[in-house]
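Quick notes on the structure that follows.
Remember, predicted model here, so these are calculated numbers, not experimental data. Here is how names work: the chains are called A, B, and so on, in the same order as the sequence lines, proteins then strands, and each is numbered from 1. Just so you know, these numbers use all the heavy atoms, side chains as well, and skip hydrogens, waters and symmetry mates.
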Amino acid sequence: MSSKYNVFNLLREGLQGHTGWQAQWREPKLKPAYDAVIIGGGGHGLATAYYLAKNHGMTNIAVLEKGWIGGGNSGRNTTIIRSNYLYDASAAIYNHALDLWTTLGRDLNYNIMMSHRGVLNLAHDEGEARTLKRRVEANRLNGVDSEWLDAKQVKEFCPPISIDVNMRYPVIGATLQRSGGVNRHDAVVWGLARAADSMGVDIIQQCEVTGIRTEAGEVVGLETTKGSIKTPKIASVAAGHSTMIADMVDVRLPIESHPLQALVSEPLKPLIPCVIMSNAVHVYVSQSDKGELVIGAGIDPYVSYTQRGSFDIIEHQMASLMELFPIFSRLRMMRQWGGIVDVSPDASPIISKTKVKGFYINAGWGTGGWKATPGSGHAFADLVAHDRANAIAAPFSLERFVTGDLVAEHGAAAVAH
Amino acid sequence: MFLIECPWCGERDMSEFHCGGEAHIARPDQSESMTDEEWAQFVFMRKNSKGRYAERWNHAAGCRRWFNLLRNTATDQILAVYRMGETAPSVATDEPVTPSGEAPIGSGNDAVKLMKPGEAL
Amino acid sequence: MAQSDPTLKPPQGRPERLSALAHRAPLSGDEGLTMQEAAHLGKLVLRLDESVAGTIVPDALNGVHLPTLPCCSDTSATGTLSVLWLGPDEWMIVSEAGTEQTLQTELELQLKGQHFQLSNVTDYYVCIDITGPQTREILMNLTTLDMHRRSFEAGQVKGSILGHANAFVWQLHTDTGATETFRLIVRSSMADYLWCLISRSARLFGMAEETPLSGERLVI
Amino acid sequence: MAASRQKTGLRTQQGGRINRDKPVSFTFDGKTYQGFEGDTLASALLANGQHMVARSFKYHRPRGIVAAGAEDPAAIVQIGPDAVETDPNTRVTEQEIFEGLRASAQNCWPSLSFDIGIANDVFSDFFPAGFYYKTFMGPPLSWMRFEPFIRKAAGLGVAPTDRDPEQYDSTNRHADVLVVGAGPAGLAAAKAAADAGARVILVDETNAIGGALLSEPEGSVSLGSKPADVAIQKMVDELHANPDVTVLTRTTAFGYYGDNFVGLWERVTDHLAPTDRVTHMPRQRVWRVRAKQVILATGALERPMVFDGNDRPGIMLAGAVRTFLNRYGVLCGRMAVIFANNDSAWATAFDLQDAGAQIAAIVDIRRNLSGALLQKAAHRGIPIHAGSAIVGTKGRSHVAAAGIRVLDASGMISSKANWIECDLIANSCGWAPNVALFSQSRGKLFYDDDLKAFRPGASWQQERSVGAANGAYDLQDCLDEGRNAGAAAAADAGFKKRIPRVLKASHTMLVQRDLQIMPQIPSPKAAKKVRAFIDLQDDVTTKDIKIAIQEGLHSVEHIKRYTTTGMGTDQGKIANLNAFAFIADHLGKSVPDVGVTTFRQPYKPVTMGALAGQHVGAHFMPRRTTAMHPWHKAQRDVVFEPVGDWLRPRAFLREGEDFHQAVQRETKAARTGIGVLDASTLGKIDVRGPDAREFLNRIYTNAWSKLAPGKCRYGLMLKEDGMVMDDGVTACLADDHFHMTTTTGGAANVLGHLEDYLQTEWPDLKVYLTTTTEQTAVASICGPGCDRLVADLLDDVDPDPETFKFMDWRDAHIQGIPVRVFRISFTGELSYEINIDASYGLWLWKKIFALADSEGGTYDITPYGTEAMHVLRAEKGFIIVGQDTDGTATPFDLGMNWIVKKSGDFVGRRSLSRSDTSRDDRKQLVGLVTEQPDFVLMEGTQIIGSKDEGAVPVVMLGHVTSSYFSPNLGRSIAMAMVERGQGRAGETLYASRKGEAPMAVRVVGTDFLKERSDGTI
C-alpha cells in the first residue's frame, strides 16, 4: 500500500513491481444528495472541490464531469503561469493563484512540475512599451514581481530570440516576471482530484448534467445522465459550455465561446529557457520538460464548439514564430489541437452569484484561465461555502456588466493569455 | 477553415470575411428609457448557442457587404446564408440532443466519434 | 541631405507626378512573363443603388454599362474605359491616365438628382499588370481565389486578399487570347509589398526576385 | 550465434526499384556508407547491416528500423551538413539519400553504441509511468533544482543554431477531386475522376507512385495485360498529360480541416544533393487545397506483436521487411524468424527465402492454419510452429535469438523454451486501415471485428475512403473501390457520370486472413521482469499501462497522458491500436468501448518554416509608407515609428544630435518657426448622401446638423459600451457630403464600424461611404506666420487667417494642381493641412522644402516627426486615442463634456448613464507638473496620494498617460488619468518611482499653454 508519494515509496514499489499503488481516485456511484455539486471536472472545478473540502469542511460534494477529468481546456492549454496583470482586482486573484501554485505540489503530494522559469512579455513599439511599463509600475505597487528589460537584457535572458533591429516588429524591450513560468497540466488535474477524493469528494466522470431543478428561485437539485441529485448549491465551472449550463436556470451570460488552438513541436534538447509572449506578433512559446516547444496564438473570431480552429491561424502563428525565432524554421510541428474558450467582454472572469439562489457561476476566463486555477478555485469555494463573494471574487461579479464597472484587462494588454 | 458562400460573390475562403458575432440583435430605439439591466442585455449578453446559430459576416476583402449566416456551432456546418433584414430560414440540422449539444457526427468534443454496433453506415 | 535619388531633387518647372511603384522597373521571366505597373490610370469609385444601376448608362461612360452581375466588368470597344463591379452598389471606373477629373465632372452632372457617391481613387490604387502563361499559377501562391480558367474568366474582377494585401484581381479582355493579363488593383501603400511578393512567387518562372524596401531605423 | 555476430543485412543481387547505376555515398555518425539512388536512409543503412540507428527517449535502449515509412516509431536521426542546416528527429525511413548526406545519431552520449543514458534502463524499475509525479516534491521551488537535469536528459534532436537560409512556399489549389495516396486504389480513383473531366490532385508521400504494389516482387503482378510497373507508369503518364491533373510525390496530406480543406506538405529539394538543388526552388511547399470531393486511399498500417523483448533492433514489421526487399533490394537479415497471427507475413517468408535468406521458423499463434499455406511452406522446407509464439528474445544491440513456446488452447504457455538463432524477426499482428485523415475529417469510425481494427464508417465531409484505408486488402478490391469512388466523386463534383474502365489484377496477393489477436503474448517470466514494449519511442511497456490502470486511470486519454504512449514524434501510428487492445483486455471491455485517442493534425510532423511559407522576413507583414517616404528615408538620420501598419518618421536627427535633442528642436521649431509634418496616414472617409448629417449625429457624440459647407468640426466616436473609440476632424463639403478623418491606426476599424451600422442597423439611411485615405497626401504646415509660406504655395487662395478662419477649408491650386486646404490644428498653433493627390505628394513636399532657407529659400522650415507632434499636442492638451485612453475612458472621463450633445441618441450614449460609468470617482484626465521642472515622468508611472508609499499593496490613484519635456514651456509636462482628477486642480499628488522617493506632482489643467498664460505653471 503506497498512498503517499515520495522517493522511498517509489523505490520500494520499484522493487516490488509497482503492485502496491492505489487508485488515485475512486470511481464512486452517484449519491442521491450532496451539499454542493460542481459542474465541470477541469482544473478550476477540481480546485473548487479541493478548497471546499479543505478550507470549508464541505466534503459531501460531487464534481460532475461530462467526459474525463482534465479533458477540456485544462488538457489543452499552454500552462503559462504569471500574475503581472494591470488592474488591482486581476493582480489580486492571479497573484493569489501564483502564491498557491508555489506550494501546491507539496500540498497535494503530487509533483505538478511548477517551473518558475520566468515569463517575458515583449514590446515591439513605443505604444506597447508604454502599456507594459505602466503594468510593471502597477505590479510593483501591488507587490507583484515584475520588471522591465531592454532588448539586450531580453536577449541575455532568452538567447535564441532575434533582436535584429531590421525586423518588421523589432523587440525593443519586455516585461519579465521571474516567478512566472509553466507547470504540468495533467499533474495538476490529477493531483487535485486525488487530494479532493481523499477528503471524500465524489468525482463522477462520464456524467453529463441534463437539467437543473429550482423551486421559488432556488436551486434544489439537478438531473444527470447518471440520475437525479438533490442539492442546494450548484457551482458551474464549465468553461466553454458555461452558457449551456446557465441556460438551464435562465441566467444569461456575456460570454462567447471561441476556438483557441495550440500546438507542440517534436521534442528537442533544451532550447529556450523561459516563456515568451508577444501581442503584436501574436504568438507565445515555451518548452516543455519533455523538450517540445509549446506554442499558442490567438482565437478564431467566431463562436464554435468543435474544438477546431482555422488553419490560417496556425500558419500565421508559425510566421510570427519565425519572426521572433528565425532559427526554428526547420523544426517541425508535431501535434495541434483546439479548445473552446469562454471569452468575456472585458477579458476578465466571472466569479459570481446569480439571480437564482444557490446557482454560482465561474466562467469567462477566456484564453488565460490556467494560471488562475488554484486562485479561482479558492475564491469560488469561498463564495459557494458562504454565499458571499470575498474580496478577491467581488470585483468579478456578473453585476459589473450592468453597472459598467468592468475590469478591462483587454484594454491593458490586447490579449490576456 | 470555412468555405463561405457570399450572397453576391459566391464561395470564398473564410480569410476574406470578418465575423460580426450574433445576428438579429437590433439596436434599441428608445435606449434612454431602458434600465441598466436591459441595456446590458443588448450590449453584452449573447446567446452563444451550441447548435443552430445565426451570426453576421462581412465579405471584407470582397464586396464589403454584411450578410447573415446560419451555422451549427457544434459542427461548424454552414446551414444557410441570407441577407441582412431577412429572417433565418428553417433548415433541417442535427439539433443538440443533449444540453451540451453534442452532435452525433462532425464534432470533436470528448472523443473521436465511434459508430455503435449495428448503426447503419 | 542625401540626394542621390533623382526623384528627390528639388522640383523645377512642371509639377512632377509619381506613382507608388515609380521605383520599380518592369520585370520579365520565362515564356513572355512580364510584370509592370499601369501607372496613373484614372479610377473612380461610384456608389449607386443597385435598382437604378442597371438602367443608367451615363453618356460619360461611352455606352459602357454598370455591370450588375457580381464580379463582372464591362469595357468600351476601344478598351480605354472599363467599369468593374466591386459590390452590389459599388463600381470602379477605370479610364486612361489623366481623364478621371473630366469624367468625374461629367458623371456628377449626369447623376445629379440620384443618391450616389463618386470618389476619385486614382492615386489610392496602383495597377500591376502580369502577363504570361504562368500568371494564374503565380497568383495561386498569393490568393485563395479559384484561378482555374473555368472559374476565373476574362473580364471578371474579384476582390480578395493577396498575401496580406487586399486587392482586386481583374482579368483583362485580350484580343489575342494567347497570353492572359491579370491586373491587380491594390492600395498604393501596399503596392511595393505586393510587387515583391509576386516577384518572389514568379522566381520559379525566371523572374528576378525583388525584396521590399526596408532598412528604416525603428529603434532608437 | 554466428549469424548475429557478423554484420547482418545485405543488398540483393538484383531487383528492387533502386538505380543500381547510380551509387550514392553518405555518412552516418561519421562513417561513410554506400547506397543507390532511390534508397532511403533506412534501406541504405540496412543494406550495410546497420539496424541500430537511435536510442529510445526514456531508457536509452537501442532502437532499430521497424517499419519502412512514416509510421516507423523510433528510427530518427539528425540530418544535415552543419549546425545551421540541420534537421533533428528525421525519420530514416523517409529521408532519401543523396551524395554527401550526413546523418548522425541523437539523444545519446558519448556515442550511439555506448550511451551513458542506458543507466536509466538499468534502473527502469524505478522509472515507471508517471514516476515524476510521485517525487521531486521538496520545499517550494525545489523542482527548479531537478528540472534542468530532467530537461537536459529529455528532448531528442538539437535545434539549428542560426537562421535557416532556405525558402519555403505555400500555394493554393482548388480541386474537384483530391486523392490522397497513390497506391492501386488511389491511382484507380484519380484515373477515373480525371477521365470524367474533373480537376484532380493525386498525392503520395513517398517518391514513387504505386503504393503497396512497389513492395511486390517485380513482374509478379499484372494489371490488365501489363506488368504492374508498366501499367502504373502508363497511367501516370496519362495523368501527367492532362492539364487538369496534378500529381505530387514526396507530398504528405498532413491535415484534413473543415469544408474539405486539406493541407499538403511537399518536400521539393530534401532528396537532392545541395549541388543538384536549383537555387530558386523552395525547400518545401505547403499546398492549401480546397477540394469539392476527397478520396482517402491512405492504405493500411501493420501492427507489431507485443511480446517480451520485442524492442531489439532487427525486430521488424513483416511488411516492412518485404518492402525493403522488393522496393529497395535489401535483405534485412540472413536468418529470419517470422512471427505472425495472419497470412500476410508468410509472404515475407517466401520472398526472403527466394532472395536467399534462410527462414529459421515461421511462428504463428494460430493453431489451425490453412492447408494451402502449410503446404507451400512445407514445400519450401520452412519449419512451422503453429499455435506458438515468440516469448522472449536475446541480443544486445541486435536481436540474436528468438525464444519460442507452444501455446495451449487458452493461449497460455505449455512448453519449454526453444531458442532459435536469428538476426531478424519479421512480425505481424495484422493490418489496420490508416484512418488518421478520415478521423481528422470528423467522420465516424467503427470497429471491424474481422479486421480487429477501426475502419471508416459514416463520412462527415465530402469524402470517401477506399482500398486498404477502408479495410479492403485485396488488390482487385482496391482497384474496384478506387475506380468506383473516383467516378462517383467526379459525378458529385458536377461532372457527367461515366462508367470507368475496369482494371483487372492478375492474381490475388497474400493478404491478411484468419486474423487472431492476442493483445499481449504471454511470458514465462515473473510479471515484473517482462518488458513488452507498446510504444518504442517513448518506452511505454504493457507494465506501464497496467500501473496506470491500477492507479485508477481508466479513460484511454488518461492512460495515454499518464504513460505517454503514442505521444512521440510518430504519434503512435503503429502503437496506438495495440495500446487500446491491451487496455480493453485489461479492463475487460471491448476495444470500441475503450475508444480511441484523437487523431490530431498533422498526420506527421511538418516543418514550421513550410507552414509559415513565404510570409516571413521581409514579407512577414507589409510596411505601409506614404508618398513622401522616399524623402524621409533620404534624410541623414531619421528614426521611424510603426503606427498600425504604417511607418511614420518619428524624428529627423541632425548631425551631432541625439533623439531627445532632435525632438526638442523640432517641437520648438513648430511654435517659433515653421514645422511641417507628413500627416498622410490619417484615415479619410468620404461620406455622402442626403442622410449624411443624420448619420454623423448618430455616430459622433456631438451635433452635425448645422455645420455649414466650408467648415470643419472635431468629433468623438464611442463604442456601444460608452468608451472612446476614435476621434478626428470632419469637414462639410456640401450639405450632403462630408470628408471624415480618423486616427492613423483606427482607420480600418472606423470604416468597418460605420459600414456595419449603415448596413445592419440603419439601412434606411441614404449614405454612402468610400475610403480615400491613400488618395491624398497631406502636408501639415504649422507655426506662427506659416500663412505666408502657404500663401507662396497656393495659386489662388489667400490663407490670411483673418479671412481663412480656424476650422475652415478651401479648394485651391498649387501650380495648377488641385489641393484642398484645411485650417485645422493639432498643435494649437496656426496651422494648415494641404491635401493633394498622392502622386503629387512627394513633389509638393519637395516644393515646400525648396522654400526653406536651408535649400536657398527664405523660410525657416523644420520637418518634424510623430514624437514632436506628440509633444506639441500635449502642450495644448489634445488627447491621443489609444495613448491617453485605453478603452476604459468616457468623454466625461476625458473632461470633454462639451462634446456630448444634450439630447439625441448616438452610439454609446446609454452606456454613459450606467451607475458605474456616471460615478464621480472615476479616473479622469488631468495635467500634471512635477515639482522639479526638469524631471520627466516615465509614461506609465503610477500616481499615489501620499509621499510615503508604505507597504504593498499601495493604493494607486491613476497613471501617467503622456509625459514629455516641453521646450516651449521650458519644463516637463504630463497627462494622467487620476481618480476624481477633475476636482483635484492644484492638489499635490505623488508619482511613484522604483527605488526612489515618490516625486511630488501638482494637478493642473491639460492645456498647458493656457495654464502657462494663466500663470498656473
Just so I know, are the side chains of D:P605 and A:M333 near enough to count as touching, which here means a heavy-atom distance under 4.5 Å? no
Any donor-acceptor N or O pair under 3.5 Å, side chains D:S142, A:R106: no
Among A:E137, A:R117, A:R168, which residue forms the greatest number of heavy-atom pairs with chain D at distances under 4.5 Å? A:R168
Heavy-atom closest pair, residues A:V402 and D:R914: O-CD, 3.5 Å
Taking every heavy atom of D:T917 against every heavy atom of A:G404, the minimum-distance pair comes out as CG2-O, 4.3 Å
If we define contacts as heavy-atom pairs under 4.5 Å, which of A:A187, A:A23, A:G291, A:S329 has the most with chain D? A:S329
State, with a plain yes or no, whether a side-chain heavy atom of D:M137 is found less than 4.5 Å away from one of A:M114. no
Please classify the contact of D:A153 with chain A as side chain, backbone, both or neither, using a heavy-atom distance under 4.5 Å. backbone
With a 4.5 Å cut-off on heavy-atom pairs, point out which of A:D289, A:D164, A:L271, A:T306 contacts chain D the most. A:D289
At a heavy-atom distance under 4.5 Å, which candidate from D:H554, D:K528, D:Q284, D:R442 has the highest pair count against chain A? D:R442
So A:R140 and D:Q942, do their side chains get closer than 4.5 Å, heavy atoms only? no
Of all the heavy-atom pairs spanning D:P88 and A:L331, show the shortest one and how long it is. CG-CD2, 3.7 Å
Check each atom of D:R650 against the heavy atoms of chain A and say whether the ones under 4.5 Å are side chain, backbone, both or neither. side chain
Which of these passes side chain to side chain contact (heavy atoms under 4.5 Å, CB included) with D:M567: A:E292, A:R335, A:M334? A:R335
Output, in order, the C-alpha distance, side-chain angles, deciding distance and verdict of side chain to side chain contact (heavy atoms under 4.5 Å, CB included) for A:S115 and D:W143. CA-CA 7 Å; A:S115 171; D:W143 173 246; 4.2 Å; yes
Any heavy-atom pair between the side chains of D:R151 and A:Q287 that's under 4.5 Å? yes
Only counting residues at least two apart or in another chain, list the ones meeting ring-ring contact (aromatic ring centres under 6.0 Å, His included) with D:W265. none
With chain D as the partner, which of A:H116, A:K133, A:H124 has the greatest number of non-hydrogen pairs under 4.5 Å? A:H116
Pair A:E315-D:H615, side-chain hydrogen bond (donor to acceptor under 3.5 Å, both in side chains): steps then yes or no: CA-CA 9 Å; A:E315 290 175 300; D:H615 307 292; over 6 Å; no
Report the distance from atom CZ of A:R308 to atom OG1 of D:T598, rounding to the nearest 0.5 Å. 11.5 Å
What residue, out of D:T90, D:V616, D:T161, D:V84, has the most heavy-atom pairs lying under 4.5 Å from chain A? D:T90
Residue among D:Q550, D:H558, D:E551 satisfying side chain to side chain donor-acceptor pair (under 3.5 Å) with A:Q24: D:E551
Winner by heavy-atom pair count (cut-off under 4.5 Å) against chain D, out of A:F325, A:W25, A:W101, A:F328: A:W25
Test of understanding: with ring-ring contact (aromatic ring centres under 6.0 Å, His included), list the residues that count as partners of D:Y133, not counting sequence neighbours. A:Y110, A:W190, D:Y562
Ranking A:H316, A:R184, A:M167 by heavy-atom pairs under 4.5 Å to chain D gives rank one to A:R184
Scored by heavy-atom pairs under 4.5 Å with chain A, the best of D:G617, D:A618, D:G950, D:A612 is D:A612
Does the side chain of D:T607 reach to within under 4.5 Å of the side chain of A:R332, using non-hydrogen atoms? yes
Closer than 3.5 angstrom, by distance alone: can the side chain of A:N111 be matched with the main-chain N or O of D:Y132 as a donor-acceptor pair? yes
Indicate yes or no: at least one non-hydrogen side-chain atom of A:V136 is less than 4.5 angstrom from one of D:K994. no
Between A:K269 and D:G155 the two heavy atoms that sit nearest each other are NZ-O, 3.4 Å
May I ask you to test the D:D538-A:K290 pair for a side-chain heavy-atom distance under 4.5 Å? yes
Stepwise, does the side chain to side chain contact (heavy atoms under 4.5 Å, CB included) test hold for D:Q601 with A:I314? CA-CA 11 Å; D:Q601 296 100 348; A:I314 301 287; over 6 Å; no
Salt-bridge present (A:E13, D:K134; N to O < 4.0 Å): no
So, D:R288 side chain and A:D312 main chain: donor-acceptor pair closer than 3.5 Å or not? no
For the student: nearest non-hydrogen atoms of D:R623 and A:N166, plus distance: NH2-O, 3.1 Å
Are the side chains of D:E939 and A:E126 in touch, meaning some heavy atoms are under 4.5 Å apart? no
Note: vs chain A, highest number of non-hydrogen pairs under 4.5 angstrom among D:F126, D:F123, D:F620 is D:F620
Please name the pair of heavy atoms, one in A:P267 and one in D:F57, separated by the smallest distance, quoted to 0.1 Å. CB-CE1, 4.2 Å
Pick one of side chain, backbone, both or neither for D:S124, based on which atoms fall under 4.5 Å of a heavy atom in chain A. neither
